[in-house]
Structure formats: C-alpha cells, structure tokens
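Ligands are counted one by one from 1 in listed order, and the atoms in each one are counted from 1 as well.
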Amino acid sequence: MRNIKCLIIGGGPAAYTAAIYACRAALKPTVVEGPEPGGQLMTSTRIENYPGFAEGCDAQSLMMDMRKQALNLGTEFISSSARECDLEAKTVSLENGETLSFTTLVIATGASAKYLGLESEKRFIGMGVSACATCDGFFYRGLKVAVVGGGDSACEEALYLSGLAEKVYMIVRKDYLRASMAMQERVRKTENIEILFGCVTEEILGDAMGVKGARLKRNGEIFEISIDGFFLSIGRHPNTEWLGGQLPLDENSYIVSDGVKTSKKGVFVAGDVRNTDFRQVVTAAADGCRAALEAEKYIKNEL
Ligand code: NDP
C-alpha cells in the first residue's frame, strides 16, 4: 500500500491551499479531489471579496488557478472520492478501489447542496430542478424560474439568473432575507426579481417535458406560480459520511475541531466541512494553509 506523507481529501480552496503549502514544505501531497474539482465555487459566478483582485474575479478561474498552482508545485491529483477511512490504521479507501496509507491527513471535503426532500423534486432533477444556477441557468434564457432560499447564495443565484431569465421568483420561507445587506440591496434593485416572502413549496408541478410550475403555501393559502426552472439554494450539508463517526461531529454533521486540529493526531480539517462560523473562500484557504503547516509541524516534532 502506498504511503503518503500528506494526504488531502477535497477539491476546493481549502484543499488546494493545503496542497500549495504542503508542496512548499516538501511533504509531497496527494489530493483526492472528488467528482467536482473546484468545489462549491464552481457553481458561483463572481467573487468580490477575495483579496488581491481589485475588480473582483471569476470564481471558476480562481479555483482552477489555485489547482494549477498546486499542480505546478508538484501536487499529485487523484480523480476519485474517499469512500471510507480507518483513522487508527491511518488509511483511506477510495471509490476507485485504491487504499492509501497516510502520515498526515487533511480533510477538506466541504459541503454539498441540500434539497427540500419533496418527491416531485427528485422526479424533476435534471428536468428543471437544479442546485446550480451557473451550471444550468443557460437553459432558461427568456423563461421563468424560481430560486428557493433567502441567504447570500440564493441572492447570488437569483441575480445571476435575472440576467438570463425573463422573471425570477425568490421563494423565502421567512418574511425577511438572511443575506447580507449589500446582497439584499442588489436583489431589491433588480426589476425582474420578485421575492415571495413567507412561502413554502408544497410541490413542483410538471409533465414528461419537465417543470411547469410550483405549488406554494403562504399563511394557509395555497397558490401556484408558472415556472420552467426550480433552483435550490437552501444551504449545504457537510461531506462527512465517509468518516464513519470516527471524529466528533456537531448537530449538523460538521467536524468539531480545535482550529484545524481534530481529536486524532496527524489528522487536520480545513474549510466548510469543519464547525466554523465563517464559510468564505478566504477562510477556507487560510484553513488549508494552517492545516498544511500543522501537518509539517506534526511530522517534524511528533514522529
Ligand atoms: P444560508 O444558511 O446562509 O441560507 C440558507 C437559506 O435557505 C436561508 O434563507 C434559509 O432560510 C433557507 N432554507 C434552509 N432550509 C430551507 C428549507 N428546507 N426550505 C426553505 N428554505 C430553506 O446558506 P447560503 O448557502 O446562502 O450561505 C452559506 C454561507 O456562505 C453564509 O455564511 C453566506 O454568507 C456565505 N456566502 C457568501 C457569499 C459571498 O460573500 N459572496 C456568497 C454565498 C454564500 P431561513 O433563513 O429561514 O433559515
């Protein structure tokens, strides 16, 4: 079995930054980057709050440049996902059948889109139901769409879609948006976005051709909207199942850690998969840096 000094699981800013720092520390990192290299940000559009870009930057290019930087410095990438691990034996088994042994492990598996859990939602996935406006928005040029959620992501998705679709409904379950004031302001100023406050989706309506509408409930009143696309933006679920309960998780399944240190020696955690108040690109990248530096310190001082 191959032993890897610094094994990094994940494919977002935390993982790529950990790889960059691990390369510079001569830890010869291997990154198991999962099915979607680039992570959550590949579904995003512009980033205006990552330092160093005076005019903002394209989210996907930022991710691909981070990946390239890690590659240029000597990172090995494996295109597979972690299936399970044994943190005592220090091994990780991958979906491709390979098992890797590690000296240090950086867990940076991030979080994936949540769905409402409706039967009709499952039925129309890929036929009008999507959790990625930037991936699928193109198909809704000149049509009507809805975005569920009232956070920054939902606003971002709605703003992106407003440039393509004729009309964008935001379906928000509370009577206010959770998004930052700057984002709220932009949404409110966009004429073809209509916010439906206090609304819960009862069902997504459609036929063999795909989504045609949604049935909503507001204060006991049921009504329908006519739409061609239904976008979910209601938060994320951390990708921690493959850990099989070997690390303590909080009530939302995020890894409980002391900074980037987990309760297991030599095992570190970075980015959105850990229990943290901040889920920004810059904080994920900073976590990746700290995790790699902790891995270096662990190898130097504790082995
Ligand atoms: P959030 O958790 O901030 O928001 C989730 C939204 O979905 C809330 O409005 C929530 O409603 C709603 N929601 C959750 N579950 C359901 C449900 N079952 N049915 C209907 N609505 C539901 O997630 P985001 O993904 O928006 O953001 C995550 C983090 O990333 C935040 O810290 C955000 O600030 C950050 N972010 C920053 C960006 C930027 O700076 N450019 C861009 C995108 C995200 P309720 O309010 O009622 O709980």
- Item | Shortest non-hydrogen contact between Ile171 and Ala146, atoms and distance | CD1-CB, 3.8 Å
- Report yes or no: do Ser93 and Thr99 form a side-chain donor-acceptor pair below 3.5 Å? yes
- Note on the structure: Note: ligand 1 atoms sitting under 4.0 Å from heavy atoms of Lys174 are 45 (P), 46 (O), 47 (O), 48 (O)
- Pair Glu294 + Arg290: basic N to acidic O under 4.0 Å: no
- Item | Lys/Arg-Asp/Glu bridge criterion (N-O < 4.0 Å) met for Glu88, Lys264 | yes
- Query: Given Arg173, Glu156, Glu48, which has its nearest heavy atom closest to atom 41 (N) of ligand 1?
  - Reply: Glu156
- Task: Find all atoms of ligand 1 within a distance of less than 4.0 Å from any non-hydrogen atom belonging to Gln280, and give their numbers and elements.
- Result: 35 (C), 37 (C), 40 (O)
- Query: By number and element, which atoms of ligand 1 are closer than 4.0 Å to a non-hydrogen atom of Asn49?
  - Reply: 39 (C), 40 (O)
- Proximal atoms of ligand 1 relative to Leu116 (non-hydrogen, under 4.0 Å): 17 (C), 18 (N), 19 (N)
- Query: Counting heavy atoms only, which of Ser153, Ala182, Ala113, Gly150 is nearest atom 6 (C) of ligand 1?
  - Reply: Gly150
- Item | Test log, rule side chain to side chain contact (heavy atoms under 4.5 Å, CB included), inputs Ile47 and Phe53 | CA-CA 9 Å; Ile47 308 260; Phe53 297 89; over 6 Å; no
- Which atoms of ligand 1 sit under 4.0 Å from any heavy atom of Arg279? 30 (O)
- Message: Regarding Ser112 and Asn239, do their side chains bring together a donor and an acceptor under 3.5 Å, going by distance alone?
- Response: yes
